[in-house]
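All remarks here apply to the structure that follows.
Proteins come first, then strands; the chains are lettered A, B, ... in the order of their sequence lines, and each starts at number 1.
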2 protein chains.
Amino acid sequence: MYRINFSDFFTSAFSVDCMLFGYSQGQIKALLIKRAMEPYNNFWAIPGDLVYPDEDLDEAANRILKDLTGLSDVGLHQAQSFGHPKRHPQGRVVTVSYFAMVRIEDFNAKASSWADEISWVPIHDIPVLAFDHNLIMATTIELLKQKLRVEPICFDMLPDRFTLSEFQQLYEYAFNQSLDKANFRKKIKHIPLLAHDEKQKMVKHRPAKLFSFAKEDYKTKVETIDYQFKM
Amino acid sequence: MYRINFSDFFTSAFSVDCMLFGYSQGQIKALLIKRAMEPYNNFWAIPGDLVYPDEDLDEAANRILKDLTGLSDVGLHQAQSFGHPKRHPQGRVVTVSYFAMVRIEDFNAKASSWADEISWVPIHDIPVLAFDHNLIMATTIELLKQKLRVEPICFDMLPDRFTLSEFQQLYEYAFNQSLDKANFRKKIKHIPLLAHDEKQKMVKHRPAKLFSFAKEDYKTKVETIDYQFKM
DNA sequence: TTTAATTATTGTATTTTCGACAATTATTTA
DNA sequence: TAAATAATTGTCGAAAATACAATAATTAAA
């Protein structure tokens, strides 16, 4: 085992990559930015930044999210860390990936202070990305899918009021398989949803009832009984 | 947004903390070491080390595991990263936690090159640890439990040949609830186990049959049919 | 040698969930 | 008013989960 000076270790930086997932037109999409500087100029990339010396990782992720979207108080999930010594051409940078789910419509206008161009890309059609971002993206999408199975996080992507079909289509897209309507509805019977009187408008067929996720009821349920969300 | 020099970021270090879980006497245990240097001299801690400048994170975790136990080729799982600016008194050190499962008996003798003292501590009785290791430990144990539900990783902790009751007791301890024997056996019917002719010895009651996990059959099953391990 | 104690193993019956599919309903557009 | 479209509800058999009972194999004590 070779010995190196203690101070020789303090020569790395770390960054946070902050993946945003949203849902529109029946597809789960990830927000990508087009880099406007070297290295990887003009490549699509996951939004991220170096972590400041006095920042905790979560803080950095929240900062990036805020810069990017104007949103705060969004549930952030830490995904994985990546640390290949050569992953960044300018030095040793270990990155920690986070992801969050947002309603794309909530802030479509903003997001300009960051990069020249941003784009919401369906997670099944991710292009070649800068750095090792394809690896990070793939890993994080897998984690997202895992969490979709055991936590009711999809409601952060859906509009506040959604139809049961929209809800179902989200899962169909995520797991790339079609589901039986009737059975889906039975399966979600245990999820506390609030049925509104309001109905879909402007559709050329029988309009669907609108629902929203009853977050508080859900929390109570989890605390009270030994309930585990499962899809 | 304040601007700092690019090079000012390259002043941090990374460490990897490598949690080992094993199973003995009906309890899941974590390996702790007693620190023999400042800071936190004499505190119990999770084994870990700084990551070398040319090492990937996984490599570092494997190195630590090897130093500690002599074992290589052990499945390592990345857990979470922790980066509070003040978590290490001697500088900014972000740590990535990993965990692995081992058979405690396999290497009891070794493990001396590391620290003065090591100890296998039941995960339900973790003492006060150095640094933020209690947070890391708690988070990682939760992740372990999550994985126990969806991956057949418990067999890395069980002896090569185990009884169904031992298997059951592992889950009972992990989730702190007792299970019905008959129903447990029905539930695990889908897990490919190899039944041996051999039986338990030296027990003062009807000896149980010994089983081992049929890893290859499991892999084939996963590849062939759309099978998801679930407990 | 027999019996009690202990734990392993298997079985049964009931309830709950899953999966495939059919039937009915509400709305828009032609 | 009918056709088209998708929403919603219902049925039935299969499979899985749950509670609990019965039987088997071994040791230790009587």
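Projected onto DNA chain C by closest heavy-atom contact, B/Lys204 and B/Lys209 fall at different nucleotides, the more 5' of which corresponds to B/Lys204. Toward the 5′ end of DNA chain D lies the nearest nucleotide of A/His205, the other residue of the pair A/His205 and A/Lys189 mapping further downstream.
A/Gln146 and A/Glu142 share no donor-acceptor pair across their side chains, judged by distance under 3.5 Å alone. Side-chain N/O atoms of A/Tyr98 and A/His77 include no donor and acceptor closer than 3.5 Å. A/Asp17 and A/Thr95 share a donor-acceptor pair across their side chains, judged by distance under 3.5 Å alone.
Computed from coordinates, the B/Asn183 CG to C/dT14 P distance equals 16 Å when rounded to whole Å. Here C/dT9 presents its P atom at 13 Å from NE2 of B/His196, a figure rounded to the nearest Å. Rounded to whole angstrom, the span from the CE atom of A/Met202 across to the P atom of C/dA26 amounts to 22 Å. We find that CG of B/Leu210 is positioned 9 Å from P of C/dT9, with the value rounded to whole Å. Put simply, NZ on A/Lys230 is 11 Å from C1' on C/dT17, counting in whole angstrom units. Distance, A/Leu179 CG to C/dA20 P: 10 Å, rounded to whole Å. In this entry the distance linking CD of A/Gln168 with C1' of C/dG19 reads 13 Å, nearest Å. Spacing between atom NZ of B/Lys187 and atom P of C/dT16 amounts to 17 Å, rounded to whole angstrom units.
One donor-acceptor pair, N or O on each side, does fall under 3.5 Å between the base of C/dT12 and the side chain of B/Lys186. In the interface, the side chain of B/Arg206 is not paired with the base of C/dT6 through any donor and acceptor atom under 3.5 Å apart. Below the 3.5 angstrom threshold, one finds a donor paired with an acceptor across the side chain of A/Asp180 and the base of C/dC21.
When DNA chain D is scanned in the 5' to 3' direction for atoms under 4.0 Å from non-hydrogen atoms of chain B, the outermost contacting nucleotides are D/dT18 to D/dT27.
Using a 4.5 Å heavy-atom cutoff, the side chains of A/Tyr23 and A/Lys29 are not in contact. No side-chain heavy atom of B/Val16 sits less than 4.5 Å from a side-chain heavy atom of B/Asp49.
Ring-plane geometry between B/Tyr40 and B/Phe131 is classed as tilted, the angle between the planes lying from 30 to 60 degrees on a 0 to 90 degree scale. Using the six-membered ring where Trp is involved, B/Tyr171 and B/Phe175 have ring planes that are parallel, under 30° apart on the 30 and 60° scheme.
Residue B/Lys199 is in sugar-phosphate contact alone, with no base atom involved, counting any heavy-atom pair closer than 4.0 Å across all strands shown. No engagement by B/Thr163 is indicated, since no non-hydrogen atom pair under 4.0 Å with the nucleic acid exists.
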